[in-house]
2 protein chains.
Amino acid sequence: MFASLTIEELKLLNEGRHSVKFNEGEVILKQGTRADYLVSVIEGFAKMYIEGPHNRNLVLDFIKPWKLMGGPGAQVEGKHKYSVVAVQETLICFIDQGKFKKVLAANSDFSGQYLLHCSGKYLATLDRMVNISQKQMHGRVADALIYLSSEIYECPTIGKEISRMDIAEYACMSKDSAIRVLKEFERDQIINLEGRQIELLDTSRLHEISNKG
Amino acid sequence: MFASLTIEELKLLNEGRHSVKFNEGEVILKQGTRADYLVSVIEGFAKMYIEGPHNRNLVLDFIKPWKLMGGPGAQVEGKHKYSVVAVQETLICFIDQGKFKKVLAANSDFSGQYLLHCSGKYLATLDRMVNISQKQMHGRVADALIYLSSEIYECPTIGKEISRMDIAEYACMSKDSAIRVLKEFERDQIINLEGRQIELLDTSRLHEISNKG
DNA sequence: TTTCCCAACTGATTCAGGTCAGCTATTAAG
DNA sequence: CTTAATAGCTGACCTGAATCAGTTGGGAAA
């Protein structure tokens, strides 16, 4: 996405940039705080979630290197709409909002790209909303496993940095229910559980479950 | 939003523009069709919804004059992500996508405005996702009533163009459950039902219910 | 090592909410 | 006017999923 920038524009962004290392469990962005910086993961692994009322969280996304965060919230309300927390030790790059906006205004190719990026996130969110509101547990867990495996890990095994609670908060259910469904999938030979690691054995069956809801 | 355009740019958009009148129940945009046009309601009333699997719909929004639709879907996949249907007789304006994109690229003020518009929709969708996934029926119906009254009708009475089914599909529940909750609210003197019209009597109580979930 | 803590797991119980069947009122069609 | 169709409404019933209470096991601190 940054390919369409000129040298000068990159330089401008670089000036207001700094990197920080976060340890496991540390909060990188806190929902409700002033959004002065865009944030990007350089190394490591993080998750993005909304803290709902009644102390329940909704995991929006898991974040591997080079994903960009913090945009929309900043531009509209000046506050972050969600929190981001490091799942592992993670290296984060902060980009100055003001300078980012300047570059957006100056470079129409870049702003076009960014608009596309935001639209894509919007459409993905609509899909998730339909899934969450119309599928039941098995379908939602299947969705979560497929997403984690194909989009995040890009391999059939989901690593031990993802807890059962994370899956539950991504699939919108209680931790207990998530565990129950995972165990059921294991019994049916669809996945293999080894400690926290989850290995997908039968992805076609998983897709079937996802589609049937 | 169109205020930041020059005369020429408005002229360009006007060239590829045409208006059509739709009758009650007619489909204005159909999910999955090619997104060659942006769409705006000039007069009347429409609703925007996603057709999920299993023939269940999720109402995304009710649309009164001068709301813009069809953007994000078009820009990313070239297909509409949702359907729009006229709730009343409605006058619709079609804007050519290609020309709209040209203007976006040419006018950075305008594209900034549009980005803000899309970000706003994204944030609102996140809010809805949290509400849908974490509140139970009473809270969700309260949300729907508050939204319709304050954002759409801008008065305490929700008109008879909204059916119980519409409310159910907006609040993500079965029609029967929506009816049941509305009747309960009536019994508790929170709203008044007269045929299809819904009059909000006690908005503070409604907000309380919405917050408690 | 022992202790403590927290995540993973499991069975029992409860309840929100979906489904179904039937009834009424209103409107549209014959 | 009669009939059919549809939306609103209601009670009975059933199931999906949350909650709770308790067990197990592994990792960290003392």
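A note on names: the letters A, B, ... follow the listed sequences, proteins ahead of strands, and every chain is numbered from 1.
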Rounded interatomic separation in angstrom, taking CD from B/Glu194 and C1' from D/dG8: 15 Å

Six-ring centre of B/Tyr170, B/Arg128 cation under 6.0 angstrom, axis tolerance 45°: yes

Whole-Å distance separating the CZ atom of B/Arg164 from the C1' atom of D/dT6: 14 Å

Separation of D/dC9 P from B/Leu182 CG (nearest whole Å): 8 Å

Nucleotide D/dT6, atom P - distance to CG of B/Asp166 in whole Å: 16 Å

Give the table of side-chain donor-acceptor pairs shorter than 3.5 Å for residues 35-48 of chain A, with sequence neighbours excluded, one pair per line with atom names and distance.
from, atom 1, to, atom 2, distance (Å)
A/Asp36, OD1, A/Arg34, NH2, 3.3
A/Lys47, NZ, A/Asp166, OD1, 2.5

Rounded distance in Å - CD (A/Glu186) to C1' (C/dC9): 11 Å

Nearest-Å distance for atom pair CG/C1', residues B/Leu193 and D/dG8: 10 Å

With B/Arg205 via side-chain hydrogen bond (donor to acceptor under 3.5 Å, both in side chains) - residues at least two apart: none

Any A/Arg196 side-chain nitrogen or oxygen under 4.0 Å from OP1 or OP2 of C/dA8: yes

Sidechain-backbone polar pair: A/His207 side chain, A/Thr203 backbone, donor-acceptor under 3.5 Å: yes

Bend angle of the helix from C/dT1-D/dA30 to C/dG30-D/dC1, from helix axes over five pairs at each end, nearest 10°: 30°

Contacts of A/Lys160 that satisfy side-chain hydrogen bond (donor to acceptor under 3.5 Å, both in side chains) - sequence neighbours left out: none

Between P of C/dA8 and CD of A/Gln197, the distance in whole Å: 13 Å

Atom pair CD1 (A/Ile179) and CD1 (A/Ile167), whose distance is rounded to the nearest 0.5 Å: 9.5 Å

Nucleotides 10-26 of chain D: protein proximity per nucleotide (B base, S sugar-phosphate only, - neither; heavy atom, under 4.0 Å): BBB----SSBBB-----

Residue pairs involving residues 68-89 of chain A (criterion salt bridge (charged side-chain N to carboxylate O under 4.0 Å, His left out); sequence neighbours excluded): A/Lys21-A/Glu89, A/Glu77-A/Lys81, A/Lys81-B/Asp127

Value rounded to 0.5 Å, distance of CD1 in B/Ile191 from CG in B/Leu201: 8.0 Å

Closest non-hydrogen atom pair between B/Leu91 and B/Ser19, with its separation: CD1-CB, 4.4 Å

